[in-house]
Protein chains: 2
Amino acid sequence: MTVSKTAEKSSEKPGDAAKGRKDAAEAHPEALQLGELSEQLGYVLKRAQLKVFENFLRCMASLQLTPAQFSVLLLVEKNPGRNQTEIASTLGILRPNFVAMLDNLESRDLCARIRSTNDRRSHILVLTDKGKAVLTRAKKLVATKHESRLNQLLGQANREALIGMLSKIANEF
Amino acid sequence: MTVSKTAEKSSEKPGDAAKGRKDAAEAHPEALQLGELSEQLGYVLKRAQLKVFENFLRCMASLQLTPAQFSVLLLVEKNPGRNQTEIASTLGILRPNFVAMLDNLESRDLCARIRSTNDRRSHILVLTDKGKAVLTRAKKLVATKHESRLNQLLGQANREALIGMLSKIANEF
DNA sequence: CGATAATTGATATGATCCATAACAATTATC
DNA sequence: GATAATTGTTATGGATCATATCAATTATCG
């Protein structure tokens, strides 16, 4: 990027011309030193998370599912008959923000809101047949194309250790 | 319609028409089952990252430094004399978004933009004296109040293993 | 040399999240 | 039965992220 210039600037203080200038020889090694940054938990966590989400989106391109949408489908499948507040709160999603998300999933016929009979304020959430089918395919894609990469990269034992440590951080930090 | 169920109380005991108060669904243990979610890399990564950032902000409340701002100060300290494009790109920050960030740091007299003498398009970034002092205090706070929590939670060996694995993911996933 | 392309910092702008307040309908509480 | 609380929803603002574009400057190349 910064190579030695051919034509130097005209106006220069005569005294420190040699040292005030660029030590163009080895001045800028093109790659910056991360230094302590590469040991900062937050920094490396964030970078890893971005990479993982990016890979997830690529793997799920055919199904058009984001990580958040996938987590909703998983949770509704595992806990059918729960209402929006319950599903949203356990995922850390605020109720107002969950509405548009459900609108999306429902418009694609992946899940459905059903009026609860014993509390007509709340909407019960269930997966549609299509939602179940899509989720099944999504799980396969995630397992074969996404999570498998972790094993390939870290090995089975390290992968489990990593998930365990991250869970511990998520729950106890 | 692909929805098979019409109400959530499909499995209810006949005689139990008890107008259950809020726990009409006593079959619902109040706490949802996370299921496969707790094994999903992306899910646990994101949750851990949010917790870590949250803790970081609390630890840095006295200095009013966000994780991103801290990373900028660290990188500028380690690589003085680089321009905005270089600093921003190695942090994964887009140049347009880096402008307001620098405006903030510069308005607080933590770092300064200096017109480069050999390329008058670019701005060289350096820490001010105050910036160096604040960064020194920030490092201490991070080490004693933030990163120390990791050792306390995982132990030194596991902490290093975790950082290593996350770095590997960030770089090779 | 001089015309053209490329780079740098900056602005404007839009998309996507994330968070809070408030409201109608319904239910719980006293 | 009056009042408070809850549920889903809307509106709204802030923060983050991405793209297009511009003026100034520098690089490239004919």
Side-chain angles (χ1 to χ4, degrees), chain A residues 1-10 22 24 28 30 42 46-47 49-51 53-54 57 64 66-69 71-72 81-106 111-125, chain B residues 8 18-25 28 30 46-47 49-51 53-54 57 64-69 71-72 81-107 111-125:
Chain A
M1 183 169 290
T2 311
V3 289
S4 51
K5 304 164 58 64
T6 55
E8 291 295 333
K9 306 306 302 300
S10 54
K22 282 265 98 318
H28 286 170
E30 204 41 55
K46 178 83 175 182
R47 296 301 279 247
Q49 184 254 313
L50 289 175
K51 271 290 184 66
F53 268 42
E54 183 186 324
L57 288 174
Q64 284 290 99
T66 68
Q69 291 169 336
S71 69
V72 170
R82 298 289 196 149
N83 64 26
Q84 299 184 195
T85 298
E86 291 170 314
I87 297 292
S89 72
T90 70
L91 288 176
I93 304 174
L94 294 173
R95 275 65 53 106
N97 299 330
F98 195 48
V99 174
M101 215 176 145
L102 270 187
D103 288 347
N104 181 337
L105 293 176
E106 202 173 21
C111 78
R113 299 182 234 225
I114 304 179
R115 274 240 132 72
S116 172
T117 55
N118 46 328
D119 186 344
R120 298 219 303 267
R121 291 171 297 184
S122 61
H123 288 169
I124 290 310
L125 297 183
Chain B
E8 90 289 1
K19 22 184 339 79
R21 335 248 277 297
K22 51 178 42 171
D23 50 12
H28 285 170
E30 222 21 73
K46 178 81 175 184
R47 296 300 280 245
Q49 184 256 312
L50 289 176
K51 271 289 185 68
F53 269 42
E54 184 187 323
L57 288 174
Q64 284 289 99
L65 282 183
T66 68
Q69 291 169 336
S71 70
V72 170
R82 297 292 196 144
N83 64 27
Q84 299 183 195
T85 299
E86 292 170 315
I87 297 292
S89 74
T90 71
L91 288 176
I93 304 175
L94 294 173
R95 274 66 53 110
N97 299 330
F98 195 49
V99 174
M101 217 175 143
L102 270 186
D103 288 347
N104 183 338
L105 293 177
E106 203 173 20
S107 73
C111 78
R113 298 182 236 227
I114 304 179
R115 274 239 127 75
S116 171
T117 55
N118 48 324
D119 187 344
R120 298 219 302 266
R121 292 171 298 186
S122 61
H123 289 169
I124 291 308
L125 297 183

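The sequence lines fix the lettering, A, B, ..., with proteins before strands; numbering per chain opens at 1.
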Response to the item:
Stems with DNA chain C, 3 or more Watson-Crick or G-U pairs in a row (under 3.5 Å), are C:1-30 with D:1-30

Discussion item. For a 4.5 angstrom cut-off between non-hydrogen side-chain atoms, does A/L94 reach A/S89?
Written reply: no

Discussion item. Whole angstroms only, please: what is the CD-C1' distance between B/Q84 and C/dT7?
Written reply: 13 Å

Practice prompt. In whole angstrom, give the distance that lies between atom CZ of A/R115 and atom P of C/dA25.
Written response: 11 Å

Response to the item:
Judged by nearest nucleotide, the residue sitting upstream toward the 5' end of DNA chain D, A/R95 or B/P96, is A/R95

Worksheet entry | Of the listed nucleotides D/dA18, C/dA10, D/dT9, the one nearest the side chain of B/L94 | D/dA18

Item to complete: Grab the CG-P distance between B/L102 and C/dT8 for me, whole Å please.
Response: 15 Å

Worksheet item: How close or far is atom C1' of D/dT25 from atom CG of B/N118, stated in whole angstroms?
Response: 12 Å

Practice prompt. Using modelled atom types only, decide if a donor and an acceptor are shared between the side chain of A/R115 and the backbone of A/I124 within a distance under 3.5 Å.
Written response: no

Discussion item. Pick the closest DNA chain D nucleotide for A/K46 and for A/T85 by heavy atoms, then say which residue is nearer the 5' end.
Written reply: A/T85

Worksheet item: B/L91 CG to D/dT16 P: how many Å, rounded?
Response: 14 Å

Worksheet item: Is A/Q69 close to A/L105 at the side-chain level, that is, under 4.5 Å between some pair of heavy atoms?
Response: yes

Practice prompt. Check every strand shown and say whether A/R120 touches a base, only sugar-phosphate, or nothing at a heavy-atom separation below 4.0 Å.
Written response: sugar-phosphate

Worksheet entry | Residue met sooner reading DNA chain C from 5', once B/N97 and A/G92 are mapped to nucleotides | B/N97

Worksheet entry | Side chains of B/V72 and B/L91 in contact at under 4.5 Å (non-hydrogen atoms) | yes

Worksheet item: Taking CZ from A/F98 and C1' from D/dG8, how many angstroms apart are they, rounded to a whole number?
Response: 11 Å

Discussion item. Output the rounded distance in Å from CG (B/L125) to P (C/dA10).
Written reply: 9 Å

Discussion item. I want to check something: taking the side chain as every heavy atom from C-beta on, are A/I87 and A/R82 in contact at a cut-off of under 4.5 Å?
Written reply: yes

Item to complete: Compare all side-chain heavy atoms of A/T66 with those of A/S71 and state whether any distance is below 4.5 angstrom.
Response: no

Discussion item. Measuring from the side chain of A/R121 (C-beta onward, heavy atoms only), which nucleotide among C/dT26, C/dA21, D/dA18 has the closest atom?
Written reply: C/dT26

Under 3.5 Å donor-acceptor pairs involving side-chain atoms of residues 95-103 of chain B, not counting sequence neighbours:
unit_1 : atom_1 : unit_2 : atom_2 : d
B/D103 : OD1    : B/R113 : NH2    : 2.0

Response to the item:
note: A/E106, atom CD; D/dT9, atom C1'; distance rounded to Å ~ 13 Å

